[in-house]
There are 2 protein chains.
Amino acid sequence: MVRVKVTRARIVDRAYDLLREQGLSTLSMRRVASDLGVRPGALYYHVANKQELLAVVATRVLEDFPASAADVRSAAEAFRTALLSVRDGAEVVSFVQAYRPEIVTPTRTLNRLFSTRLGPRHADWAARTVVHYVLGFVAEEQNRAELLHAGLIEEPPAEAGKPAEAFMFGVDAILNGLPRPAGT
Amino acid sequence: MVRVKVTRARIVDRAYDLLREQGLSTLSMRRVASDLGVRPGALYYHVANKQELLAVVATRVLEDFPASAADVRSAAEAFRTALLSVRDGAEVVSFVQAYRPEIVTPTRTLNRLFSTRLGPRHADWAARTVVHYVLGFVAEEQNRAELLHAGLIEEPPAEAGKPAEAFMFGVDAILNGLPRPAGT
DNA sequence: ACCTGAACACCGTTCAAGT
DNA sequence: ACCTGAACACCGTTCAAGT
């Protein structure tokens with residue numbers, strides 16, 4: 001690559017593109033550095049470490065998530081879409097959620113949506129339930145895609161076809177319970 | 001360590017103990033080898049690669065999950081307990097779920113439990129919803145614990161105190177819907 | 001202020017050669 | 001059959017020294 005001036009913004013740009021196109025396994029500090037035509041140590045003048053870089057990248061992954069989603073179903077769907085816009089998006093966001101929870105903006109949006117009908121404690125739990133479900137669902141989708149891409153597996157995603165339908169089934173379950181409810 | 005004969009079983013034992021005590025970041029092929037007093041390459045005579053090893057370790061993590069859970073709530077709780085019995089348990093199982101889904105036995109147990117009141121398609125989706133939720137929930141718990149242990153974070157788990165209660169709130173939501181239901 | 005050079009302490013995996 | 005020696009192609013991070 002061309003070796004222009006290295007800036008924090010260019011580091012993040014390159015890291016984001018690397019993640020989008022090649023996935024988490026190719027997103028290394030050394031690779032970002034060499035793509036920018038610079039030695040690995042140079043990056044540490046602009047970012048504290050890899051985790052901080054990942055946190056900023058996660059922010060970008062979630063940046064076109066509509067903060068003003070009208071309802072929980074569409075918020076969940078938009079969250080999944082944002083995660084799928086990048087390879088290994090769920091894994092990155094999942095990690096960042098532990099490291100810097102405030103970066104996972106869908107949690108706040110969901111919290112607000114639930115607050116209209118639940119108390120603060122339950123709204124918080126409900127928001128986190130949806131977030132955990134979405135991250136778990138998409139993580140499996142993407143992990144399988146990566147393994148398939150790496151040739152370490154060959155089956156198509158189990159029952160294939162309609163992951164969007166299976167996904168929404170889970171969201172609806174959280175909201176309204178499973179079809180034909182019955183306790184325990 | 002003592003350098004007895006290396007066997008597949010001893011490799012798995014050491015890997016499992018390493019995971020339990022030190023977490024995924026210390027579980028390396030080289031570390032397992034040196035603990036067994038052997039060169040890294042020797043392991044590859046007994047296991048194909050690290051992923052296969054992780055799959056076997058995941059089996060052990062889930063081995064005291066009671067296959068005969070009586071209801072979904074206690075199955076979910078037992079699943080979470082099994083994941084928590086080892087550091088980074090959720091991350092390992094989450095990966096293995098994409099690599100070898102059949103190893104994640106709670107999916108089958110849940111499927112069976114749901115089959116008594118749902119058709120096969122919905123029972124499958126319902127089981128996967130619970131599995132995704134549990135993996136997402138525990139992954140956050142454990143990631144935060146690891147970051148805290150590494151000194152990369154210092155807050156206690158957000159609202160602390162009762163993760164078990166928050167966890168069950170989510171399980172109950174999936175089963176019966178949120179408190180005071182209301183579509184979308 | 002910003003970057004290089006060079007090191008430190010690691011990875012997973014392969015494979016000829018030894019026993 | 002099982003393991004060593006040694007390599008290949010990597011990691012993240014630090015830090016004196018240069019400009």
Side-chain angles (χ1 to χ4, degrees), chain A residues 1-16 18-19 22-58 87-88 91-92 95-96 99 143 146-147 149-153, chain B residues 1-16 18-19 22-58 87-88 91-92 95-96 99 143 146-147 149-153:
Chain A
M1 299 250 163
V2 268
R3 185 63 245 275
V4 279
K5 198 162 175 301
V6 181
T7 64
R8 191 178 155 94
R10 259 189 273 261
I11 291 171
V12 174
D13 281 355
R14 193 67 203 113
Y16 175 76
L18 232 27
L19 184 68
Q22 323 250 44
L24 197 55
S25 66
T26 354
L27 171 40
S28 69
M29 298 301 271
R30 296 183 102 102
R31 175 62 193 271
V32 169
S34 91
D35 280 4
L36 296 175
V38 91
R39 294 306 194 97
L43 300 186
Y44 291 84
Y45 200 89
H46 301 96
V47 300
N49 48 41
K50 192 180 181 180
Q51 313 201 13
E52 203 216 31
L53 178 54
L54 282 179
V56 184
V57 168
R87 280 167 72 169
D88 296 315
E91 202 162 313
V92 172
F95 164 76
V96 168
Y99 182 55
N143 283 342
E146 290 303 315
L147 287 168
H149 184 87
L152 290 160
I153 216 179
Chain B
M1 301 249 162
V2 266
R3 186 60 247 275
V4 278
K5 198 160 177 297
V6 182
T7 63
R8 190 178 156 97
R10 261 189 270 264
I11 292 171
V12 173
D13 282 354
R14 192 68 203 113
Y16 175 77
L18 233 26
L19 183 69
Q22 324 249 42
L24 197 54
S25 67
T26 352
L27 171 40
S28 67
M29 299 299 275
R30 294 183 103 101
R31 175 63 193 271
V32 169
S34 91
D35 280 4
L36 296 176
V38 92
R39 295 308 195 95
L43 300 187
Y44 291 85
Y45 200 88
H46 301 94
V47 300
N49 48 43
K50 193 180 181 179
Q51 311 201 14
E52 204 218 27
L53 178 54
L54 283 179
V56 183
V57 168
R87 278 168 72 170
D88 296 316
E91 202 162 312
V92 173
F95 164 74
V96 169
Y99 182 54
N143 283 341
E146 289 305 313
L147 288 167
H149 185 87
L152 291 160
I153 215 178

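Each chain gets a letter, A, B and so on, in the order its sequence line appears, and its residues count up from 1.
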N/O donor-acceptor pair under 3.5 Å between Arg30(B) side chain and Pro40(B) backbone: no
For atom CG of Leu43(A) and atom C1' of dT13(D), their distance in whole Å: 11 Å
Non-hydrogen side-chain atoms of Arg31(B) and Leu27(B) separated by less than 4.5 Å: no
Could you tell me how far dC3(C) sits from dC15(D) if I compare only their C1' atoms? Round to whole Å. 12 Å
Nearest-neighbour nucleotide for the Tyr44(B) side chain, dT14(C), dT4(D), dC2(C) considered: dT14(C)
Would you kindly give the OH-to-C1' distance between Tyr45(B) and dC15(C), to the nearest whole Å? 14 Å
Here the distance between atom P of dG12(D) and atom CD of Glu52(A), to the nearest Å, is 15 Å
Go through the steps to decide whether Arg87(A) and Leu24(A) satisfy the test side chain to side chain contact (heavy atoms under 4.5 Å, CB included), and finish with yes or no. CA-CA 7 Å; Arg87(A) 280 167 72 169; Leu24(A) 197 55; over 6 Å; no
Counting only Watson-Crick pairs (N1-N3 plus N6-O4 or O6-N4) and G-U wobbles (N1-O2, O6-N3), all under 3.5 Å, who is the partner of dC3(C)? none
Output, in order, the C-alpha distance, side-chain angles, deciding distance and verdict of side chain to side chain contact (heavy atoms under 4.5 Å, CB included) for Asn49(B) and Glu52(B). CA-CA 6 Å; Asn49(B) 48 43; Glu52(B) 204 218 27; 3.6 Å; yes
Atom CE of Met29(B) and atom P of dC11(D): how far apart are they, to the nearest Å? 19 Å
Counting only side-chain nitrogens and oxygens, does His46(A) get under 4.0 Å of the OP1 or OP2 atom of dA1(C)? no
For Val56(A) and Tyr16(A), run side chain to side chain contact (heavy atoms under 4.5 Å, CB included): C-alpha distance rounded to whole Å, both residues' side-chain angles, the deciding distance at 0.1 Å, then the answer. CA-CA 9 Å; Val56(A) 184; Tyr16(A) 175 76; over 6 Å; no
To the side chain of Lys50(A), which of dG12(D), dT4(C), dT4(D) is closest? dG12(D)
Roughly, in whole Å, what's the span from CZ in Phe95(B) to P in dG12(C)? 13 Å
Euclidean distance, atom NZ of residue Lys5(A) to atom C1' of dC2(C) [Å, nearest integer]: 8 Å
Between Leu152(A) (CG) and dT13(C) (C1'), how many Å, whole number? 13 Å
I want to verify a distance call: between dT13(C), dA1(D), dG5(D), whose nearest atom is closest to the Arg39(B) side chain? dG5(D)
From CG of Leu24(A) across to C1' of dC11(C) the rounded distance in Å is 15 Å
Can you tell me the base-pairing partner of dA17(C)? Count Watson-Crick or G-U wobble geometry only, both distances below 3.5 Å, and say none if there is no partner. none
Checking contacts here: which listed nucleotide (dC2(C), dG12(D), dT13(C)) is nearest the side-chain heavy atoms of Ser28(A)? dG12(D)
Ranking dC3(C), dT13(C), dG12(D) by distance to the side chain of Arg30(A), first place goes to dG12(D)
Return the nucleotide paired to dC10(D): Watson-Crick means purine N1 to pyrimidine N3 with N6-O4 or O6-N4, wobble means G-U with N1-O2 and O6-N3, both under 3.5 Å. none
Closest to the 5' end of DNA chain D, once Ala42(B) and Thr26(A) are matched to their nearest nucleotides, is Ala42(B)
